[in-house]
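What you see below is based on every heavy atom in this structure, not just the backbone, and it leaves out hydrogens, waters and symmetry mates.
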Amino acid sequence: MLKNDLYCSLQFEDFKKAFEFGTKYYLDPEKITTGRTTAEPRGLGAILDSFTIGKIVEIGVKKILEQKNPKKQYLLDFDIKKNYLVKNDPDVIGVYENGLIKNLTYF
C-alpha cells in the first residue's frame with residue numbers, strides 16, 4: 001500500500017468509538033431522529049450512517065495531525081449535547097501540549 005502524508009491506520013477501537021457515538025445519539029430520547037432535509041423517520045441504521053463515517057474521518061484527521069505534530073494531542077468531541085447547546089463547534093475541540101489544554105470551542 002502506498003503511504004503518503006495523509007495516511008493513517010484505524011483500529012477496531014476507533015470504529016467502536018464512532019459506532020457508540022451514533023448508538024448513544026439514537027438512544028437519547030431528546031434527540032430528533034428524523035432527517036434534516038426531508039424529515040423522514042430514521043432508524044438506528046440511518047443514524048449510524050449519518051454519524052459514524054463523520055466520526056471516523058474526525059479520528060483519522062486527529063491521527064494524521066498527531067503524526068505531524070507528535071508533541072501535541074488533539075481532543076475530539078464525542079459528547080451528546082442537549083439540543084439547545086448544539087452549535088457549529090469545531091471537530092477538534094482542544095489541543096493538549098506541554099501539560100496544558102487549549103480549548104478551541106471558545107475562540
Side-chain angles (χ1 to χ4, degrees):
M1 175 179 284
L2 177 66
K3 277 186 124 174
N4 62 37
D5 290 347
L6 298 178
Y7 173 85
C8 74
S9 178
L10 295 171
Q11 306 300 314
F12 174 76
E13 288 301 316
D14 299 326
F15 290 97
K16 183 178 175 185
K17 192 169 187 175
F19 185 86
E20 286 174 352
F21 177 84
T23 303
K24 286 180 188 176
Y25 183 96
Y26 177 75
L27 293 174
D28 188 325
E30 295 184 12
K31 290 298 181 187
I32 299 168
T33 57
T34 55
R36 289 186 302 162
T37 55
T38 61
E40 81 281 0
R42 298 184 297 177
L44 177 59
I47 295 292
L48 289 173
D49 189 44
S50 293
F51 289 102
T52 305
I53 299 295
K55 288 296 180 185
I56 289 291
V57 170
E58 288 178 25
I59 291 169
V61 168
K62 173 189 183 305
K63 287 184 173 209
I64 291 168
L65 288 171
E66 289 174 349
Q67 288 171 5
K68 295 292 184 184
N69 304 291
K71 294 182 180 181
K72 297 181 181 184
Q73 289 181 317
Y74 297 88
L75 310 173
L76 301 177
D77 188 4
F78 279 86
D79 293 334
I80 305 294
K81 295 184 175 50
K82 300 284 185 191
N83 290 334
Y84 61 88
L85 294 176
V86 175
K87 51 188 174 185
N88 293 327
D89 285 343
D91 294 333
V92 176
I93 60 169
V95 178
Y96 180 78
E97 181 180 23
N98 298 326
L100 300 172
I101 294 176
K102 181 176 181 182
N103 188 330
L104 301 180
T105 58
Y106 298 109
F107 294 101

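- How far CD1 of Ile47 is from CG of Leu44: 8.0 Å, rounded to the nearest 0.5 Å.
- Distance NZ/Lys72 to CG/Asn98: 9.0 Å, rounded to 0.5 Å.
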Audit row: Ile101, Leu75, side-chain contact (heavy atoms from CB on, under 4.5 Å) steps and yes/no: CA-CA 9 Å; Ile101 294 176; Leu75 310 173; 3.8 Å; yes
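- Atom CZ of Phe78 has more than 12 heavy atoms from other residues, nucleotides or ligands within 6.0 Å.
- Summarising the geometry, atom NZ belonging to Lys24 is positioned 8.5 Å from atom CG belonging to Asp79; distances are rounded to the nearest 0.5 Å.
- Listed here is the closest heavy atom pair of Tyr25 and Lys31: CE1-CD, 3.5 Å.
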Pairs under 3.5 angstrom only: tabulate donor-acceptor contacts from the side chains of residues 10-18 to other protein residues two or more places apart or in another chain.
{"unit_1": "Gln11", "atom_1": "NE2", "unit_2": "Ser9", "atom_2": "OG", "d": "3.2"}
{"unit_1": "Asp14", "atom_1": "OD2", "unit_2": "Gln11", "atom_2": "N", "d": "2.8"}
{"unit_1": "Asp14", "atom_1": "OD2", "unit_2": "Lys63", "atom_2": "NZ", "d": "2.8"}

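- Pairs engaging residues 42-57 under the salt bridge (Lys or Arg N to Asp or Glu O under 4.0 Å) rule: Lys55-Glu58 [sequence neighbours left out].
- For Asn69, the side chain to side chain donor-acceptor pair (under 3.5 Å) partners two or more places apart in sequence, or in a different chain, are Tyr74.
- The aromatic rings of Phe21 and Phe51 lie perpendicular to each other, with more than 60° between the two planes, well past the 30° mark.
- Of the inter-residue distances, the one linking Leu48 atom CG with Phe19 atom CZ reads 5.0 Å to the nearest 0.5 angstrom.
- Within the 4.5 Å cutoff, side-chain heavy atoms of Leu76 are placed close to those of Val92.
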